[in-house]
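Below: one structure, written as structure tokens.
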Amino acid sequence: MSATTRITVTLPTEQVAELRKLTDNVSGYVAEAVARQIRHQLLGDDLRRHQEDQGAFTGEEVAEARARIFGTADRAGHTDAA
């Protein structure tokens, strides 16, 4: 188990009420949300650096990335996880 640090976070009352409906482990839920946001930020930073070094992504590269992330749409409009 990793080390933890206790902090105080202020959230709107409505968000806290909804959060408590979703989980009994508010700290775990918030920790996972923060981890997801950090990964998102780091990925965005990496993608920006890549484009600065290699140039803008082509439409084909973007389409391939979307297909890998979200699946490829078939002719009926259904998605296939890649």
Side-chain angles (χ1 to χ4, degrees):
M1 179 150 171
S2 62
T4 61
T5 301
R6 179 180 291 267
I7 64 169
T8 300
V9 177
T10 303
L11 297 170
T13 301
E14 299 81 21
Q15 285 183 353
V16 174
E18 291 302 316
L19 184 56
R20 287 187 173 143
K21 289 178 189 177
L22 294 172
T23 184
D24 291 331
N25 183 359
V26 172
S27 291
Y29 191 96
V30 171
E32 179 55 36
V34 170
R36 189 172 38 254
Q37 185 61 33
I38 289 169
R39 287 190 306 270
H40 178 81
Q41 182 69 44
L42 292 173
L43 176 58
D45 293 346
D46 284 347
L47 293 173
R48 276 187 289 285
R49 271 194 301 280
H50 177 83
Q51 287 192 97
E52 288 170 2
D53 294 343
Q54 305 297 319
F57 291 106
T58 65
E60 183 177 308
E61 289 170 325
V62 172
E64 180 180 345
R66 284 190 175 134
R68 287 178 174 221
I69 293 168
F70 302 113
T72 305
D74 64 16
R75 291 181 191 162
H78 299 97
T79 57
D80 230 6

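Predicted model, so just to flag it, every value in this text is computed and none were measured.
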Atom CG of Asp24: over 12 foreign heavy atoms under 6.0 Å: no
Say you draw a straight line from CD of Glu61 to CD of Gln54; how long is it, rounded to the nearest 0.5 Å? 9.5 Å
Does the pair Leu19 and Val30 meet the rule for a side chain to side chain contact (heavy atoms under 4.5 Å, CB included), with working shown? CA-CA 9 Å; Leu19 184 56; Val30 171; 4.2 Å; yes
Nearest heavy atoms of Val9 and Ile7, plus distance in Å: CG2-CD1, 3.7 Å
How far does CG of Leu43 sit from CZ of Arg48, to the nearest 0.5 angstrom? 9.0 Å
Value rounded to 0.5 Å, distance of CD in Gln41 from CG in Asp46: 10.5 Å
Roughly how far, to the nearest 0.5 Å, is CG of Asp45 from NE2 of His40? 9.5 Å
Ion pair Arg49/Glu52, N-O distance below 4.0 Å: no
Hydrophobic clustering (ILVMFWY, side-chain heavy atoms < 4.5 Å, transitive) - are Leu47 and Val62 grouped together? yes
Could you go through Glu32 and Arg39, starting from their C-alpha distance and side-chain angles, then the distance that decides it, and tell me whether this counts as salt bridge (charged side-chain N to carboxylate O under 4.0 Å, His left out)? CA-CA 11 Å; Glu32 179 55 36; Arg39 287 190 306 270; 3.3 Å; yes
Under the side chain to side chain contact (heavy atoms under 4.5 Å, CB included) rule, collect the residues that match up with Arg6, sequence neighbours excluded. none
Treat each ILVMFWY residue as a node, draw an edge where side-chain heavy atoms are under 4.5 Å apart, and state whether Ile38 and Tyr29 are in one component. yes
For residues Phe57 and Ile69: do they belong to one hydrophobic cluster (side chain heavy atoms under 4.5 Å, members Ile, Leu, Val, Met, Phe, Trp, Tyr)? no
Rounded to the nearest 0.5 Å, what's the gap from OG1 on Thr58 to CD on Glu64? Could you check? 8.5 Å
